[in-house]
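Chain letters run A, B, ... following the sequence lines, proteins first and then strands; every chain starts at 1. Predicted model, so just to flag it, every value in this text is computed and none were measured.
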Amino acid sequence: MRRRKTSLAALLQPLAVKRRPPRAPEENAALDAIWQVVCAIPRGRVSTYGAVARAAGLPGRARQAGYALRLAPRSLNLPWHRVVAAGGRIAFPRASRAHLEQAQRLRAEGVRVSNGRVPPALITDLKEL
DNA sequence: TCGATGACCTCTA
DNA sequence: ATAGAGGCCATCG
């Protein structure tokens, strides 16, 4: 019997309609900043959580970049797949659904994904933002 | 209110 | 290459 790593609730989460109540304005500002930066990542290239946080004016808060993506509504159509962890590594666990989807989306843009990693040369700092 | 958690990072060994 | 420590802090139960 194959054990699932994620809970059933987690798997059903994307289907759930329930959303959390609106956040405070300053929190929304941080989220907006991060989302905006992610939108600016060019097609066929990637950036890292740390770099995204920096570009959004939140140096040292790579985690918050991850959360912002986790909380991002589907309707924004964010290119979330262009955000990877340090060294070009896909942050999701190897066999996870999300990992596979991210790799697939990246390959669809011509990004070579091998061994759960993208070529570090494709990583952009987003300094010029 | 509070402790645990996490789509992370950097440094050290 | 891998492992641990410390830092970060919004979110969640």
Do [X] and [Y] come within less than 4.5 Å of each other through their side chains, counting heavy atoms only?
| X | Y | answer |
| --- | --- | --- |
| W80(A) | Q102(A) | yes |
| Q104(A) | H81(A) | no |
| L69(A) | Y49(A) | yes |

Legend entry - I41(A)-W35(A) co-clustered via ILVMFWY side chain contacts under 4.5 Å: yes
Legend entry - Contact pattern, 5' to 3', of nucleotides 6-13 of chain B - B, S or - by protein heavy atom under 4.0 Å: BBBS----
Inset, instruction - Answer yes if the side chains of R89(A) and N115(A) hold a donor-acceptor pair under 3.5 Å, and no otherwise. - result: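 There is no such pair (donor and acceptor under 3.5 Å, judged by atom type) between the side chains of R89(A) and N115(A).
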Inset, instruction - Take the protein atom CD1 of I34(A) and the nucleotide atom P of dC8(C), then report the distance between them rounded to whole Å. - result: 17 Å
Legend entry - Spacing of the P atoms in dG6(C) and dA7(B) (rounded, Å):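 After rounding to an integer number of Å, I get 23 Å for this pair.
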